[in-house]
Amino acid sequence: MKEQIHTIPISEAMENAGECPFCYIERRTEEHMMNFVLGHGASYMEADIRDMTDREGFCRAHFKKMFDFGNSLGNAWILKTLYKRHMEEMDKEFKNFKPENSGKKGLFGKKAENSNSIVDWINRRESSCFICTSVSNTFHAYMKTFFNMYKSDADFRKQVAETKGFCLDHFKVLCEGADSMLSDKERTDFYNTMLPLMKENVSRIYEDIAWFVEKYDYKNRDADWKDSKDAIQRGMLKLRGSDPSLPPHVLKK
């Protein structure tokens, strides 16, 4: 299959797959968004960009990553207008709040239909993140590209089959994509390849972790570590995605 701009990130991920090529794609996409939000392009100085980040806000995990990124002035600019938006919304919510209609118990001790409007507002705020949304949208576009390549390119299917499988989080997404984007025959062939691949590589990780534990037995102190030295981070990645040993993505000087 001839390489095109939109297929390059998928091919690059396969070449750097590690324990999960989609973790690689997701990490690179997130780094791109971090660079966009806080990098040298200074998008945080643009009012329309800050309007978008003000509307969506950021989750706890991405606030930490933004802090680790290292652009103090950029973070301050973003927080300044984000706080202004919060204070405007808070003022409106507090003025309209009626505690007598919030959290009341109904008949037989059940909670009444009326909810706490302040809690609802905070829940809405906590349910969105500008970076999470951007990464998710881009990732799903890459997933469509992956299946287009998978359906049309036998060499690509062979390359996927020779990877070390996927983390469970992304394998779930992969299964959802296969169910919606592949024909019945393609889906059957897909699962006939992927299920043994996943079983083989989850077992491989287990054996590495098990040997890591055994290596601490004094009887094995002189034995070879085999492939177990990094078994902990690979084991965590395989179960939930993202390598916990990777350093934070920081602003390039």
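Note that the structure is a prediction, hence the values are computed from the model and not measured.
- Checked for salt-bridge contact, Asp68 and Lys64 meet the test: a charged N lies under 4.0 Å from a carboxylate O.
- Closest approach of Thr7 to Met149, counting heavy atoms only: CB-SD, 3.8 Å.
- Screening Ile209, Leu168, Asp169, Asn201 for a side chain to side chain contact (heavy atoms under 4.5 Å, CB included) involving Lys238 leaves a single residue, Asn201.
- A salt bridge links Lys65 and Glu30; the closest N-O separation between the charged side-chain nitrogens and carboxylate oxygens is under 4.0 Å.
- Under a 3.5 Å cut-off, the side chain of Lys151 and the backbone N or O of Leu182 do not form any donor-acceptor pair.
- A salt bridge links Asp51 with Arg85: at least one charged nitrogen is closer than 4.0 Å to a carboxylate oxygen.
- In this structure, Glu176 does not pair ionically with Lys172, as no charged nitrogen and carboxylate oxygen lie closer than 4.0 Å.
- Under a 3.5 Å cut-off, the side chain of Asp217 and the backbone N or O of Asn220 do not form any donor-acceptor pair.
- Distance alone, capped at 3.5 Å, is enough to place a donor-acceptor pair between the Asn192 side chain and the Thr188 backbone.
- Across every non-hydrogen atom of Ala178 and Tyr191, the tightest pair is CB-OH, 4.3 Å.
- In the hydrophobic cluster analysis, where Ile, Leu, Val, Met, Phe, Trp and Tyr join through side-chain heavy atoms closer than 4.5 angstrom, Leu246 is grouped apart from Ile205.
- Using a 4.0 Å cut-off between charged nitrogen and carboxylate oxygen, Glu89 and Arg125 count as a salt-bridge pair.
- Comment: Glu19 engages Arg204 in a salt bridge, judged by a side-chain N to carboxylate O separation of less than 4.0 angstrom.
- When hydrophobic clusters are built by joining Ile, Leu, Val, Met, Phe, Trp and Tyr residues whose side-chain heavy atoms come closer than 4.5 Å, directly or via intermediates, Phe212 is not grouped with Tyr206.
- Other residues, nucleotides and ligands contribute at most 12 non-hydrogen atoms within 6.0 Å of the NZ atom of Lys84.
- Using a cutoff of 4.0 Å between basic side-chain nitrogens and carboxylate oxygens, Asp230 and Arg234 are scored as salt-bridged.
- Side-chain N or O atoms of Asn71 include none that pairs as donor or acceptor with a backbone N or O of Leu251 at under 3.5 Å.
- In this structure, Glu12 pairs ionically with Arg28, as a charged nitrogen and a carboxylate oxygen lie closer than 4.0 Å.
- Between His249 and Phe69, the ring-plane angle classifies as tilted under the 30° and 60° cut-offs.
- Comment: Glu93 engages Arg124 in a salt bridge, judged by a side-chain N to carboxylate O separation of less than 4.0 angstrom.
- With hydrogens and angles ignored, the 3.5 Å screen pairs no side-chain donor or acceptor of Ser136 with any backbone N or O of Cys132.
- Proximity of a side-chain donor or acceptor of Lys226 to a complementary backbone N or O of Asp208 within less than 3.5 Å is not detected.
- Side chain of Glu26 to backbone of Cys23: no donor-acceptor contact under 3.5 angstrom is found.
- Without hydrogens or angle criteria, Thr163 side chain to Gln159 main chain gives no donor-acceptor distance under 3.5 Å.
- The shortest heavy-atom contact between His86 and Trp121 is O-CZ2, 3.8 Å.
- Of the possible donor and acceptor atoms, one in the side chain of His40 sits under 3.5 Å from a partner among the backbone N and O of Lys252.
- A salt bridge links Glu162 and Lys158; the closest N-O separation between the charged side-chain nitrogens and carboxylate oxygens is under 4.0 Å.
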